[in-house]
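Below is one structure; the comments refer to it alone.
Atoms within each ligand, like the ligands themselves, are counted from 1 in listed order.
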Amino acid sequence: MLRPILRFGDSLLAQPARPVEAITPEVETLIDDMIETMYAAPGIGLAATQIGVPLRIFVVDLSVGRDPSALHVMVNPEFVERDGMQLEEEGCLSVPGFTATVARPKRVVVKGLNRQGDEYTIEGTGLLARALQHEVDHLNGCLFVDRLRGISRDLIVRKIRKLSKAGKW
Ligand SMILES: [Zn+2]
């Protein structure tokens, strides 16, 4: 089932998500819905926070459904390694129409559980590392806009406020 994606300004996006205690049938349905919603958007990643569910789950697929082996479902993720630095353009399904250059570590290793509840580790560099960090940020109530400083953040926030007032957000 497709779920509506919350947009910047919704207070639920700023709330840290809590760990998943067990992979229940409800959690499995949630994961299916997240994958479907990510592909429909279309996007390369989605965190449960973005559909208003405060649980530590994200899905990432750089192939957007074209390559089944590219789909990662991660429950209760934690960074075990982070190194290097990359500066690239980044966007978000919760901030449609906006992108900005965000500094992120170049390589990360994330550990958690897969949808079967088994221990699962993902190592990512470049865009995958960026996506993994972007999604963990969501679970901590942080959007890429919150990682920007000064004028680039103000510019986006001001434009969104204007859209909001016009009923276009
Ligand atoms: Zn996002």
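A side-chain donor-acceptor contact under 3.5 Å links R56 to the backbone of L139. No donor-acceptor pair under 3.5 Å is formed between the side chain of D33 and the backbone N or O of L2. Proximity of a side-chain donor or acceptor of N140 to a complementary backbone N or O of C142 within less than 3.5 Å is not detected. No donor-acceptor distance shorter than 3.5 angstrom exists from the side chain of E90 to the backbone of A100, with no hydrogens or angles considered.
Using a 4.0 Å cut-off between charged nitrogen and carboxylate oxygen, K106 and D83 do not count as a salt-bridge pair.
Rounding to the nearest 0.5 angstrom, the gap separating the NZ atom in K111 from the CD atom in E123 is 14.0 Å.
Only protein N, O or S atoms were considered, and those under 2.8 Å from the Zn ion (ligand 1) are C92 SG, H134 NE2, H138 NE2.
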